[in-house]
Amino acid sequence: FRSSVSPRMSPLANASIPPLFALLAIMLVGLVVVSLLLIRMRQSLLIGYFVCGVFIANSGILDGFADADTELRIGQMSEFGVILLLFTLGLEFSLSELKFLRRLAFVGGAAQMILCTLPIYFVAKWLGLGTAGSVVVGVALALSSTAISLKTFQDMELGGSPGARLAIGVAIFQDILVILFFLLLPLLYTGTDPTSGGILPTLVELMGKGLLFVGISIVLALWVIPRLLHSVADTRSRELFTLTVVGLCVGLAYLGGLLDLSLALGGFVAGLAVSDSIYRHRILADVMPLKDLFLTLFFVSVGLMIDLRVAMGWWV
């Protein structure tokens with residue numbers, strides 16, 4: 001987030017108002033204004049969300065009441081939007097469709113990463129970066145954002161197209177690859193043998209946790225979740241049904257996090273677990289408003305991380 005916060009008191013600050021509430025109020029009001037302007041200009045709202053975050057972070061609005069902890073809470077809250085986004089993606093996929101796409105997604109994802117990483121790696125080496133730095137830059141620039149891709153496809157009403165599904169499959173492959181890549185980063189910088197530095201046992205442990213998570217998810221999808229949703233639906237309580245759906249999403253994402261997997265991947269698996277349920281469309285209707293709100297906060301929080309003074313210092 002922003003590197004420093006000025007000690008002077010902002011005119012928008014008040015000791016009786018919690019900093020998190022004040023920051024949320026400024027963000028949401030600013031988003032409404034920016035979104036209305038961009039819609040009239042027929043521009044992408046995603047750009048507006050990001051620019052709104054950059055403006056709030058660098059305009060001095062936050063001075064005096066928003067500290068690093070407040071901004072960090074916004075970032076943590078916004079991650080919930082990504083979890084819900086991947087949950088809805090898992091809902092829109094089905095297990096049979098995922099089986100059909102797995103070869104295309106994994107082969108296509110591997111080919112995309114290799115074809116994008118290698119040229120960037122050689123350019124970085126030519127510019128004087130070391131081997132480890134060149135690999136990191138190559139992998140980083142080869143990655144794409146699952147959240148931005150899915151949001152863009154949905155805005156263009158192309159979410160169900162074969163091309164969009166293949167692209168999202170490749171993005172999910174990248175998410176899985178990033179987990180392994182972070183695990184191998186120490187190996188890149190130390191140059192040790194992967195079989196002697198504890199890397200191989202860690203990889204085996206991670207794969208075991210992944211298989212355990214998939215196994216638990218399959219058991220829940222086949223025997224637990226359908227009965228649970230049917231019992232909740234019989235109560236005819238809309239609030240309880242929504243609570244149950246969000247609880248399933250967050251609970252499985254949390255389980256994935258406990259097993260050192262991505263929270264977003266946990267949300268995706270949770271969506272897959274209920275994708276073949278007869279309540280699929282009802283679940284989507286309940287989750288969509290929450291997803292849109294928290295996902296918007298995610299894009300704004302990305303902008304909040306940008307300190308233009310630091311960026312310009314590095315640029316020159």
State, with a plain yes or no, whether a side-chain heavy atom of [X] is found less than 4.5 Å away from one of [Y].
X	Y	value
Ile39	Leu45	yes
Lys291	Met288	yes
Met113	Leu143	yes
Leu248	Leu228	yes

note = The reported gap from OH in Tyr49 to OG1 in Thr296 (rounded to nearest 0.5 angstrom) is 4.0 Å

key: Test side chain to side chain contact (heavy atoms under 4.5 Å, CB included) applied to Ser217 and Val269, Leu255, Leu222, Leu212, the passing residue   = Val269

ask   = Are Leu177 and Leu211 grouped together when hydrophobic residues (ILVMFWY) are joined by side-chain heavy atoms under 4.5 angstrom apart?
value = no

ask   = Which word best sums up how the rings of Phe106 and Phe173 line up, parallel for under 30°, tilted for 30 to 60°, or perpendicular for over 60°?
value = perpendicular

request  = Not counting sequence neighbours, which residues clear side chain to side chain contact (heavy atoms under 4.5 Å, CB included) with Leu220? List them please.
outcome  = Ile216, Val224, Ile225, Leu252

message = Could you work out, with side chain to side chain contact (heavy atoms under 4.5 Å, CB included) as the rule, every residue matching Ala253, not counting sequence neighbours?
response = Ile83

ask   = Would you find more than 12 non-hydrogen atoms of other residues, nucleotides or ligands less than 6.0 Å from Phe241 atom CZ?
value = yes

request  = Could you walk me through whether Val274 and Arg280 pass the side chain to side chain contact (heavy atoms under 4.5 Å, CB included) test, one step at a time?
outcome  = CA-CA 7 Å; Val274 296; Arg280 172 181 175 180; over 6 Å; no

key: Inter- and intrachain pairs under side-chain hydrogen bond (donor to acceptor under 3.5 Å, both in side chains), touching residues 128-138, at least two apart   = Lys125-Thr131

